Amino acid sequence: NTYLPDDIAVYDCKEVSLDFHPRYCCKSKEYIYKIYNGKYRNPFCARYAFWYRYSIDVDYLNEEAQAFVGKYDYSGFCSVKSDVEDTVREIYSFDVWREGDYVYFKVIGDGFLYNMVRIMVGTLLFVSEGKIKSGELKDIILSKDRARAGKTAPPQGLYLNKVNY
């Protein structure tokens, strides 16, 4: 850890075979997206959380987020610049909760497309704003149409929290 940048820490390590690839050998990844949901902008968290001033009903969004759970073609939830061939991913869980002025989105899956988590969060914020109707997420996923999903949430607040091998 002495030689690593401040934003990376190693907790454990194991010897692996020479054909091991850290990206392709993982079983699942866990991302957390953090929103500061206070009435006023907080300059102390501006680099670490997305400030979203509008009220968020976390129980409602948590229920809506369950539409993402399952194995689907998520081509409508990746950057248009992506050139990946296989866009099928399995989402194991998606949870939304509040801790004070912070709202957390935690998604665990077998893999993610470029900007997928940020687009999922942006889409849930569209649901929160009423721009996407309740119960419509499953149809948007199945349509594979990027134009039907929400905006891409900004990078502040996105964390790769855990990689499971």
Side-chain angles (χ1 to χ4, degrees), residues 7 21-38 45-165:
D7 58 347
H21 192 288
R23 183 173 171 198
Y24 301 117
C25 293
C26 78
K27 303 271 189 243
S28 67
K29 292 179 181 178
E30 175 183 298
Y31 279 94
I32 291 180
Y33 193 89
K34 185 176 178 179
I35 290 181
Y36 178 69
N37 194 217
C45 69
R47 293 178 49 199
Y48 308 106
F50 168 45
W51 176 48
Y52 185 80
R53 75 180 94 190
Y54 307 106
S55 178
I56 296 175
D57 180 343
V58 293
D59 295 328
Y60 172 58
L61 284 194
N62 187 58
E63 188 176 311
E64 291 292 313
Q66 301 318 300
F68 288 117
V69 176
K71 191 171 190 172
Y72 301 103
D73 181 338
Y74 281 99
S75 53
F77 287 83
C78 70
S79 175
V80 288
K81 298 175 187 175
S82 179
D83 60 353
V84 67
E85 290 180 27
D86 183 14
T87 53
V88 174
R89 300 291 185 271
E90 185 170 3
I91 300 303
Y92 303 132
S93 66
F94 201 133
D95 299 299
V96 182
W97 74 94
R98 176 182 294 279
E99 292 179 16
D101 284 336
Y102 290 94
V103 175
Y104 295 88
F105 298 74
K106 179 171 80 172
V107 59
I108 301 172
D110 64 357
F112 295 89
L113 302 169
Y114 187 66
N115 284 339
M116 183 173 164
V117 174
R118 290 171 50 202
I119 296 168
M120 292 167 121
V121 170
T123 302
L124 284 170
L125 292 177
F126 267 28
V127 170
S128 181
E129 295 169 10
K131 294 177 181 176
I132 294 175
K133 293 179 184 155
S134 177
E136 202 174 307
L137 277 180
K138 191 67 77 181
D139 289 338
I140 292 171
I141 295 166
L142 295 174
S143 77
K144 302 181 246 179
D145 183 359
R146 176 65 187 97
R148 290 189 62 195
K151 287 185 178 179
T152 305
Q156 298 84 351
L158 180 65
Y159 300 87
L160 173 60
N161 194 52
K162 197 179 288 183
V163 179
N164 298 301
Y165 293 99

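This one's a predicted model, so the numbers in the text were calculated from it and none came from an experiment. This chain uses plain numbering: 1 for the first residue, then up along the sequence.
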Applying side chain to side chain contact (heavy atoms under 4.5 Å, CB included), run through Trp97 and Asn62 and close with a yes or a no.
CA-CA 7 Å; Trp97 74 94; Asn62 187 58; over 6 Å; no
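- Among all heavy-atom pairs drawn from Asp86 and Val88, the shortest one is OD1-N, 3.1 Å.
- Nearest heavy atoms, Asp110 versus Tyr92: CB-OH, 3.2 Å.
- For the atom pair CZ of Arg89 and CG of Asp73, the computed distance is 9.5 Å after rounding to the nearest 0.5 Å.
- Between Ala153 and Gly122 the shortest heavy-atom distance is CB-N, 4.1 Å.
- Distance CD/Gln66 to CD/Glu64: 9.5 Å, rounded to 0.5 Å.
- Note on ring orientation: taking the six-membered ring where Trp is involved, the planes of Tyr52 and Tyr54 are perpendicular (angle over 60°, cut-offs 30° and 60°).
- In Glu63, the CD atom is not crowded: 12 or fewer heavy atoms of neighbouring residues, nucleotides or ligands sit closer than 6.0 Å.
- Put simply, CG on Asp7 and OH on Tyr159 are 10.5 Å apart, with the number rounded to the nearest 0.5 Å.
- Contact check for Leu125 versus Lys151: no side-chain heavy atoms found under the 4.5 Å cut-off.
- Residue Tyr114 qualifies as open at atom OH: its count of foreign heavy atoms under 6.0 Å is 12 or below.
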Check the pair Asp101, Asn37 against side chain to side chain contact (heavy atoms under 4.5 Å, CB included), reporting the backbone distance first and the verdict last.
CA-CA 5 Å; Asp101 284 336; Asn37 194 217; 5.5 Å; no
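- Looking at Trp51 and Cys45, their side chains never come closer than 4.5 Å, going by heavy atoms from C-beta outward.
- You'll find the side chain of Tyr74 stays beyond 4.5 Å of the side chain of Thr87, heavy atoms only.
- Rounded to the nearest 0.5 Å, atoms CZ (Arg23) and NZ (Lys29) are 6.5 Å apart.
- With contacts defined as side-chain heavy-atom distances shorter than 4.5 Å, the pair Phe94/Met120 qualifies.
- Looking at Tyr165, its side chain does come within 3.5 Å of a backbone N or O of Pro22 through a donor-acceptor pair.
- Among all heavy-atom pairs drawn from Gly150 and Thr123, the shortest one is N-OG1, 2.8 Å.
- When all heavy atoms of Gly76 and Ile119 are compared, the pair lying nearest together is O-CG2, 4.5 Å.
- In this structure, the separation between CD1 on Ile32 and CG on Asn161 is 3.5 Å, given to the nearest 0.5 Å.
- Taken to the nearest 0.5 Å, the NZ atom of Lys144 stands 12.0 Å off from the SG atom of Cys78.
- Residues Gln156 and Ala46 come closest through the heavy atom pair CG-O, 3.4 Å.
- Looking at heavy atoms from C-beta onward, Arg98 lies out of side-chain contact with Ile35 at the 4.5 angstrom threshold.
- For the pair Lys34 and Tyr102, the cation sits on the ring face: its NZ or CZ lies under 6.0 Å from the ring centre, inside 45° of the axis.
- Annotation: side chain of Ile140 is in contact with side chain of Phe77 (closest heavy-atom distance under 4.5 Å).
- Lys162 is not listed as a side-chain neighbour of Ile108, based on a closest heavy-atom distance of 4.5 Å or more.
- A perpendicular orientation is assigned to the rings of Tyr33 and Phe50, their planes being inclined by more than 60° (bins at 30° and 60°).
- By the 4.5 Å heavy-atom criterion applied to side chains, Phe112 and Val107 are counted as neighbours.
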